[in-house]
Amino acid sequence: MKDLISKEVVFNHGIEQVWNAITKAEELSTWFIKADFKAEKGYQYTFTAEPNEKGCTVISGEVKVATPYKLVYSWIVGDTKTETIVTWELTPTASGTKLKLKHSGIANYAGETAIAMFESFNGGWDNCINGLISYLKETINAG
């Protein structure tokens, strides 16, 4: 069973622009999911999506680490009790910012559910990264 999803992308945007896009509720709500979120250790956040075919409408958890430029939070889907961990790390590059996204602990789901969740999360994070790319290009318009 695969337990770790890992994504990496380089943006032609400054590290502060990317950091704000992944940590500020008003920006997250624009490109990701409606967010009650603060990049503060201990903050209990909630993401609320429109009802969808997967049935996943609420994601909640706690911010574990929020230091420039690393963000780690628990990720609990809907009414499940299964906790996974999402980690965002930013590093400056010569032309912008490298983002590394990791989602771990998916094997915490039981049996076949873990396989289904891995597939769902993997595709979801691809969509998420694409949304962030579009947001930075169109809204921030710096790249």
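Bear in mind that the values here come from a model prediction, so they are computed numbers and not experimental data. The chain is numbered in sequence order, starting from 1.
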**Q** Could you grab the distance from atom CD of Glu89 to atom CG of Leu71, nearest 0.5 Å is fine?
**A**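 Spacing of CD (Glu89) from CG (Leu71) equals 10.0 Å.
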
**Q** Are Ile22 and Phe32 side-chain neighbours, meaning at least one heavy-atom pair lies under 4.5 Å?
**A**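 Contact flag for Ile22/Phe32 side chains = no.
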
**Q** If you measure from CZ on Phe37 to CZ on Phe47, what distance do you get to the nearest 0.5 Å?
**A**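 Answer for the CZ-CZ pair, Phe37 versus Phe47, is 5.5 Å.
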
**Q** Do the non-hydrogen side-chain atoms of Tyr45 and Ile59 ever get within less than 4.5 Å of each other?
**A**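 Touching, per the 4.5 Å side-chain cut-off.
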
**Q** Is any side-chain heavy atom of Met117 less than 4.5 Å from a side-chain heavy atom of Thr82?
**A**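 Heavy-atom side-chain distance check fails, nothing below 4.5 Å.
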
**Q** If I compare all heavy atoms of Ala107 with all of Ala114, which pair ends up nearest, and what's the gap?
**A**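 Smallest heavy-atom distance, with atoms named: CA-CB, 4.3 Å.
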
**Q** Do Trp31 and Cys128 have side-chain heavy atoms sitting under 4.5 Å apart?
**A**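 Result yes, sub-4.5 Å side-chain heavy-atom pair found.
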
**Q** Determine whether Leu101 and Val10 fall in the same hydrophobic cluster, where Ile, Leu, Val, Met, Phe, Trp and Tyr are linked whenever their side-chain heavy atoms lie under 4.5 Å apart.
**A**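 No, because Leu101 and Val10 fall into different hydrophobic clusters, even though each may have its own neighbours under 4.5 Å.
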
**Q** Hey, are the side chains of Trp88 and Tyr73 touching, using non-hydrogen atoms and a 4.5 Å cut-off?
**A**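 They are in side-chain contact.
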
**Q** Does Lys38 NZ have over 12 foreign heavy atoms under 6.0 Å away?
**A**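 At most 12 heavy atoms, drawn from other residues, nucleotides or ligands, come within 6.0 Å of this atom.
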
**Q** First locate atom NE2 of His103, then atom CG of Leu4, and finally report the distance between them rounded to the nearest 0.5 Å.
**A**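 Rounded to the nearest 0.5 Å, the NE2-CG separation comes out at 9.5 Å.
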
**Q** Can you name the nearest heavy-atom pair linking Leu28 to Ala35, along with the distance?
**A**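 That would be CB-CB, 4.0 Å.
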
**Q** Taking all non-hydrogen atoms of both residues into account, name the closest pair between Ser74 and Lys64 and its distance.
**A**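 So the two residues come closest at CB-CE, 4.0 Å.
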
**Q** Is any side-chain heavy atom of Lys70 less than 4.5 Å from a side-chain heavy atom of Thr87?
**A**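 In short, these two side chains touch, coming nearer than 4.5 Å.
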
**Q** Could you state whether Tyr69 and Val72 fall into the same hydrophobic cluster, counting links through intermediate Ile, Leu, Val, Met, Phe, Trp or Tyr residues with side-chain heavy atoms under 4.5 angstrom apart?
**A**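 Cluster IDs for Tyr69 and Val72 differ.
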
**Q** If you take all heavy atoms of His13 and Val18, which pair is closest and at what distance?
**A**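 Closest approach of His13 to Val18, heavy atoms only: CB-CG2, 4.1 Å.
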
**Q** Once rounded to the nearest 0.5 Å, what's the spacing between atom CD1 of Ile15 and atom CG of Asn20?
**A**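 That separation rounds to 11.0 Å.
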
**Q** Ignoring hydrogens, what is the shortest heavy-atom contact between Thr84 and Gly105? Give both atom names and the distance.
**A**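 Taking every non-hydrogen atom into account, CG2-O, 3.3 Å.
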
**Q** Give a yes or no answer on whether the side chain of Asn122 reaches the backbone of Phe118 with a donor-acceptor pair at less than 3.5 Å.
**A**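 Absent.
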
**Q** What about Ile129 and Val86, same hydrophobic cluster or not, with Ile/Leu/Val/Met/Phe/Trp/Tyr joined at side-chain heavy-atom distances under 4.5 Å?
**A**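 Hydrophobic grouping puts Ile129 with Val86.
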
**Q** Between Thr23 (side chain) and Trp19 (backbone), is there a donor-acceptor pair under 3.5 Å?
**A**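 Pair found, side chain donor or acceptor close to backbone of Trp19.
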
**Q** Would you say Lys7 has more than 12 foreign heavy atoms packed within less than 6.0 Å of its NZ?
**A**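 Counting other residues, nucleotides and ligands, NZ of Lys7 exceeds 12 neighbours.
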
**Q** How many angstroms lie between OG1 in Thr97 and CD in Gln17, if you round to the nearest 0.5 Å?
**A**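 Answer rounded to 0.5 Å: 8.0 Å.
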
**Q** Atom NZ in Lys137, atom CG in Asn12: separation rounded to 0.5 Å?
**A**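 CG of Asn12 is found 8.0 Å from NZ of Lys137.
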
**Q** Around Glu26, counting heavy atoms of other residues, nucleotides and ligands shown, do more than 12 lie under 6.0 Å from its CD?
**A**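 Enclosed.
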
**Q** If I compare all heavy atoms of Ala66 with all of Lys41, which pair ends up nearest, and what's the gap?
**A**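 For Ala66 and Lys41, the tightest heavy-atom pair comes out as CB-N, 4.2 Å.
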
